[in-house]
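What you see is a predicted model, and the numbers here were worked out from it, not measured in a lab.
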Amino acid sequence: MATEPLPVTNALSIPVNPEPWEVPQVAAAYAQLEKQVKASRPNDDLSALRRTFEKAAYWHRNRKRATGDPYILHPIAVSGILADEQMDMTCLQSGLLHDVVEDEDVHIDEIRRTFGDDVARVVDGVTKLGKLKLANREERQAESLRKMLLAMTTDIRVIIVKLADRMHNLQTLGALSRERQERISTETLDIYVPIAHRLGMGKIRGQLEDIAFQYQDPEASQELMKEMESRRQANQEYLNMVKHAVEVKLARDHIPARVEGRLKRPFSIYQKMKRQRIGMDQVYDLLALRIITDSVKNCYAALGVIHNEWHPIMGRIKDFIAIPRPNLYQSLHTSVIGPGGHSFEVQIRTEEMHHIAEEGIAAHWKYKEGKKGPADDDQRIAWLRHLVEWQKEMNEPQEFMSTLRVELYAEEVYCFTPKGRVIVLPRDASPLDFAYAIHSDVGNTCVGAKVNGRIVPLKYQLRNGDVVEILTQQGHLPSKDWLALVKTSRARNKIRHFINASERAKAIEIGEKFLEKEARRLGVSLSRIAKDRYEQVASEYGHSKMEDVYASLGYGRFSARHILQKLAPESVPEAEPAKPPAPAPVFSATGSQVFPPGQDLVVKVKGIDDVLVYRAKCCNPIRGEAIVGYVTRGKGIAVHSQNCKNVQSLLYEPERRIDVEWARAVSETFTVKMMVYSEDRPGMLHEITSIFYNENTNIRSVEARMDDKRSDDSAIVDLTCEVKDKRQMEKIISALRRIPGVRDVERVQ
Ligand code: MN
């Protein structure tokens, strides 16, 4: 126990301003909190609470609430809500400190030093959630936002404290403007209520809903309350009557139980009336009895007693004991026609089920007499499994167990458009991924990005909650360098597609021009050649369209003369004279060393295989030098050093310039694509990649994704790798298949 601070006086015995925690209103509120904690958690160390309170009061000393009260009353109240829920000391301390980082600029490191890692983690989490502006988002985005909230949560207690914070904010919403009332109540219903529901925290969910409803739709709420009030007396009497009848019958059958009568909560009545377009009279579960007994067996026995007495309504019997709800809720539900023809609902459950229904995941931080048994841990794991299932993301529950931390969405980041749309991207995604996720036009014309109002480089790695604005410019085109910056296959495919298409278009254009020039030189009129002749020639080259022939010509695979000879054999002599091809301007004479495709290919044309490439003699570029390619006429592509004088002087024909790069390895390898179907478990990707490492082969790209077609613990890993030969490939595939959890490996052709 901390000693009470002594009143401080100065030398003249005039009382100085009281310390922030001694202000009478504040001290009284804290005393009340202490009393609550003593009652709900008798074994807790109150000195830690006291220390936290004084520090928090000091930090908030200059701040007032909208009501004019000292600000610290709010954190005390939040901590009080948590104490009522019997939450642990970390929660209570975090409740007291939850606003100091955000509002008072206290550094999180100071919290860590003073109060330890757990408290710091929870306070940090609550602070981050607080920074998100969640209101006025589109309805369909709500699910993503809820996921994001959980993704940013490394400790479930963050959510519990946040819910308590929200609860107190709602309780004191009266002091705020109408606009803020609307915003906060909408946000509560859209985001926090579903989270409380998912986490099984039925009690807090109901309370949040009822208060938010009052602000959300004051008229409907008041009308409903009035109507409920007018029936209260009659309803209460009716409930007491059936409650007594049930108690008598249960006792007669020796079923130990307590029976509670309750009225359906206002918000859920309202929802039901609205959804089913019915009046209050027709809500048959307006009145409900809850029977809490000692065992599952007695739950069913009690159900028998009820059905024996009153007629059940068809289709209203639900066995959530046999099939629990995803949030682990368990109960038997039935609705019966009671005395006087009035219907009411009966929920039957054990004491334990009751706790789970009311507290949900929070039950695990509650104070309990005695030690936690193994059943408790099992229960917690079950919780997580369900939680995780809901998230459709797999993580080891044990991992959470050991640290009480959960990083469910570590693989995803959630970002916003300036209008508030949520864009979900893989971790480390860049603004380009974001741009392509919006629209391929936005991606293609992207020239930059602003994140949270600041210009960032395109290689910036997006983080949860970033607001991303893409800067575009009409006519801007994607660059090959972008391929290294993007993480999503969508962006990658769009960029590749664009580059291939534009290069092909360039090649077609060049090819056509070459053919025209050659035709002019030889005096052949291309327009006089019949259409079907073109088609015939195309198929002779193994292409379906003439366009493909132009492309090949543009890439330098064939010579224009060769094609012309096929198109108009009567006008073009069969064979060229035995001299070098007509000199293509400037460098046909400079090139000599030709590398046929697939053979000692040291230079490659970006995005294109199977092209004749040779190093220009004039500059003879060597590996590592910056190089540029020029399309020659019929002799393939000449590769020059970028500062070669010939290249400089060739700028007058820029359309013949083509991007080239040094081929990866001197020894030849083959690219193979594979798909690995596996169980989604931590470490899987590492095990897969280490197979390649052991084989001393390169992985060009690897991408893991969820298998949508299968159960949600299935993943697919797309791999592009390089192998020396078939034998090596087969060796790798069989090694992959031996990894536990790998279900199949497929080579993609
Ligand atoms: Mn707060």
Side-chain angles (χ1 to χ4, degrees), residues 37 41 44-45 48-49 51-53 55-56 59-60 74-75 78-79 81-83 85-132 146-167 191-192 195-196 198-199 201 360-367 372 377 380-381 383-384 387-388 391 393 395-414 427 463-465 682:
V37 179
R41 301 180 65 96
D44 275 7
D45 172 18
L49 192 70
R51 200 159 54 88
T52 315
F53 155 64
K55 207 69 180 161
W59 279 325
H60 283 306
H74 163 64
V78 170
S79 200
I81 292 168
L82 293 164
E85 301 294 319
Q86 295 178 290
M87 289 299 119
D88 68 2
M89 189 48 76
T90 299
C91 277
L92 302 184
Q93 288 178 287
S94 305
L96 285 170
L97 296 168
H98 79 272
D99 277 331
V100 298
V101 175
E102 173 74 16
D103 292 342
E104 312 298 349
D105 282 337
V106 174
H107 200 278
I108 194 69
D109 287 343
E110 186 167 0
I111 307 274
R112 189 172 294 113
R113 276 196 305 275
T114 321
F115 302 104
D117 286 344
D118 280 7
V119 172
R121 187 168 60 239
V122 176
V123 171
D124 192 39
V126 176
T127 305
K128 280 181 182 149
L129 294 193
K131 282 187 181 145
L132 296 172
R146 293 192 285 266
K147 279 188 190 168
M148 178 181 67
L149 241 68
L150 289 170
M152 294 175 69
T153 301
T154 51
D155 188 319
I156 287 292
R157 286 174 292 187
V158 170
I159 297 285
I160 296 172
V161 173
K162 187 69 200 169
L163 289 171
D165 177 35
R166 179 47 55 122
M167 179 74 83
I191 311 294
Y192 292 101
I195 286 178
R198 295 293 192 181
L199 298 178
M201 301 160 80
I361 201 164
H364 301 299
W365 282 273
K366 274 181 108 73
Y367 175 79
K372 277 184 223 145
D377 281 353
R380 230 190 252 191
I381 292 174
W383 256 114
L384 281 159
L387 188 67
V388 162
Q391 316 268 7
E393 270 287 322
N395 232 335
E396 282 290 279
Q398 283 81 356
E399 195 185 322
F400 174 87
M401 285 308 298
S402 59
T403 60
L404 298 184
R405 297 176 65 197
V406 52
E407 288 179 17
L408 293 162
Y409 275 95
E411 296 307 314
E412 289 178 355
V413 289
Y414 294 78
R427 190 172 58 181
R463 286 191 301 235
N464 270 318

Are side-chain heavy atoms of [X] and [Y] found at a separation under 4.5 Å?
{"X": "Lys55", "Y": "Val100", "value": "no"}
{"X": "Ile160", "Y": "Met87", "value": "yes"}
{"X": "His98", "Y": "Thr127", "value": "no"}
{"X": "Leu49", "Y": "Asp44", "value": "no"}
{"X": "Leu92", "Y": "Asp88", "value": "no"}

- Residues, nucleotides or ligands: over 12 heavy atoms within 6.0 Å of Arg112 CZ: yes
For [Y], is there any backbone N or O sitting under 3.5 Å from a side-chain donor or acceptor partner on [X]?
{"X": "Arg51", "Y": "Thr114", "value": "yes"}
{"X": "Ser94", "Y": "Thr90", "value": "yes"}
{"X": "Ser79", "Y": "Gly95", "value": "no"}
{"X": "Arg41", "Y": "Gln86", "value": "yes"}

I need the [X] [atom1] to [Y] [atom2] distance, nearest 0.5 Å.
{"X": "Ile81", "Y": "Glu85", "atom1": "CD1", "atom2": "CD", "result": "8.5 Å"}
{"X": "Leu97", "Y": "Glu110", "atom1": "CG", "atom2": "CD", "result": "10.5 Å"}
{"X": "Leu96", "Y": "Leu82", "atom1": "CG", "atom2": "CG", "result": "9.0 Å"}
{"X": "Leu163", "Y": "Tyr192", "atom1": "CG", "atom2": "OH", "result": "8.0 Å"}

The side chain to side chain contact (heavy atoms under 4.5 Å, CB included) partner of Val158 among Val123, Val126, Asp124 is Val126
In Asp99, Val101, Val106, Asp105, the residue satisfying side chain to side chain contact (heavy atoms under 4.5 Å, CB included) with Asp103 is Asp99
- Query: Between Arg121 and Arg157, is a side-chain contact (heavy atoms from CB on, under 4.5 Å) present by the stated rule, with each step listed?
  - Reply: CA-CA 9 Å; Arg121 187 168 60 239; Arg157 286 174 292 187; 4.1 Å; yes
Between Gln93 and Ala48, the two heavy atoms sitting closest are NE2-O, 3.7 Å
Closest non-hydrogen contact found for Ala120 with Ile111 is CA-CG2, 3.9 Å
